[in-house]
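Below, chains carry the letters A, B, ... as their sequence lines are ordered, and counting in each starts from 1.
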There are 2 protein chains.
Amino acid sequence: MDAAEIESPKKRKIVETAYHLFKTRGFYATGVDLIMQTASVSKRTLYKYFPTKNELIVSVLNYYRAAYADYFNQILAQQDKSSRQKILNIFEDAEQWFEDINFHGCLAVNAMGEFSGKDRAIEDSCIRFKQWEIDMLTMLTRDITSRQSEELAYKLFVLLEGMSAIAQVAKGKCPVNMTAMADEMIKKYL
Amino acid sequence: MDAAEIESPKKRKIVETAYHLFKTRGFYATGVDLIMQTASVSKRTLYKYFPTKNELIVSVLNYYRAAYADYFNQILAQQDKSSRQKILNIFEDAEQWFEDINFHGCLAVNAMGEFSGKDRAIEDSCIRFKQWEIDMLTMLTRDITSRQSEELAYKLFVLLEGMSAIAQVAKGKCPVNMTAMADEMIKKYL
DNA sequence: TCTGAAGTAAACAGAATTGTTTACTTTAAT
DNA sequence: ATTAAAGTAAACAATTCTGTTTACTTCAGA
């Protein structure tokens, strides 16, 4: 659905390149010249597909969600696993991602930090991203507790977001097994 | 200690103004001209105290920590309360702050998003800020469990950071009583 | 009263930014 | 082979940004 937004290979290359640059160098700090040179694309082509830099940023945020959705669908597809196991898999993966020295936090959180109150389309994209994340988790927690699925999903979401924020700033091994902590959380709702 | 860095009233005004602008509008997006006009200070004076914008940013981050430290010292000073109660007070306050429509997330997290890999002094300031936060929490958890104080502090820290990140992006009432969640967390270590 | 520190106002330099335009080239499908 | 779409290269316009410099003002204390 969202991945279909990108038809042309050049357009896709621009978005992928911009995604990587925005993630590692920030949004304001990454100029269109750098994106264009890194993607080996002329400025004319870039502005053909994305009339403004901010529209490119919105596309990058949508691409980010689409990539995340691909990962999530892989998790959901494993029919031999329970929802509880799927959630724990997500936490295991997250612990690995976040301990990477090159982890730069959630792109939507970073974008909100730079564009809050400045660009409505970007803000909306960030808000929709977080809502989508909660919805995905709630899909899984519904199999654990139908009555309190939203509550449990939100608690797990807080853990994931906290891990991410801390990992972005304070590099270094996490002294807590977060997956085990999530499991304890889940157990109370079984 | 850190508050003493600011002697001159003009210097203090610049830092306070810049803090407010950086918080609400981001770092790159806030130009020195705006800071200077908002603080009613000439550019010459601004550059006398802060030879570069990035040095001003570092001072703002230190000011942010100093302000946070003032709040923390108030909490610590309440000798009629147990450490457990003090921690719960922090969570109650946090829940209030984060539900404010004008909440813009942790300044150090936002700064890391914009300057990661770009300015070592800013990065260090952000890292020291988070380390300081954990240290403060660990001071309190030591009274609850001497052996596992760091583990408990880190878990509480994850909750606070998660609440902050979510509040920054996804405005709207939190469906979980986070203070109660923190208390459950603490109970296991009593 | 003189002096020196602190500050103002505003022009200026130089680089960097986003976005536009012109002229030319490649390429894929009919 | 022709043609239309897609792309390139590069100059250009218009701002905007950080940081510098010059010339002037204010004001408290010795």
State whether A:Asp143 and A:Lys86 are salt-bridged, where the test is any N-O pair (Lys NZ or Arg NE/NH1/NH2 against Asp/Glu carboxylate O) under 4.0 Å.
no
Should B:Lys188 and A:Glu184 count as an ion pair when the cut-off is N to O under 4.0 Å?
yes
Taking CG from A:Leu46 and C1' from C:dT20, how many angstroms apart are they, rounded to a whole number?
13 Å
Whole angstrom value for the distance that separates C1' of C:dT17 from CG of A:Asn54:
13 Å
Spacing between A:Lys13 atom NZ and D:dG7 atom P, to the nearest angstrom
12 Å
Specify the separation, in whole Å, of atom CE of B:Met36 and atom C1' of D:dG19.
12 Å
Measure from CD on B:Gln37 to P on C:dA9 and round the result to the nearest Å.
11 Å
Nearest-Å distance for atom pair CD1/P, residues A:Ile57 and C:dT18:
9 Å
For the side chain of B:Asp33, starting at C-beta, report the closest nucleotide among D:dT18, C:dG19, D:dA6.
D:dT18
Quick one: on DNA chain D, does A:Lys48 or B:Ala29 contact a more 5' nucleotide (nearest heavy atom)?
A:Lys48
Do B:Glu114 and A:Asn110 have side-chain N/O donor and acceptor atoms under 3.5 Å apart?
no
Are B:Ser42 and D:dT25 close enough that a side-chain N or O sits under 4.0 Å from OP1 or OP2?
no
Please name the residue in the list B:Ile166, B:Val109, B:Leu156 that meets the side-chain contact (heavy atoms from CB on, under 4.5 Å) test with B:Glu161.
B:Val109
Can you check whether B:Phe129 and B:Tyr68 have ring centres sitting under 6.0 Å from each other?
yes
Between the side-chain atoms of A:Lys10 and the base atoms of D:dG7, is any donor-acceptor pair under 3.5 Å?
no
Phosphate OP1/OP2 of C:dG7 contacted by B:Tyr49 side-chain N/O (<4.0 Å)
yes
Measuring to OP1 and OP2 of C:dT8, would you say a side-chain N or O of B:Ser40 lies under 4.0 angstrom away?
no
Any donor-acceptor pair under 3.5 Å between the side chain of B:Lys43 and the base of D:dG19?
yes
Over how many whole Å does the gap from A:Arg25 atom CZ to C:dA16 atom P extend?
13 Å
Give the nucleotide from the list D:dT18, C:dG7, D:dT8 with an atom nearest to the side chain of A:Thr45.
D:dT8
Whole angstroms only, please: what is the CZ-P distance between A:Arg44 and C:dC24?
14 Å
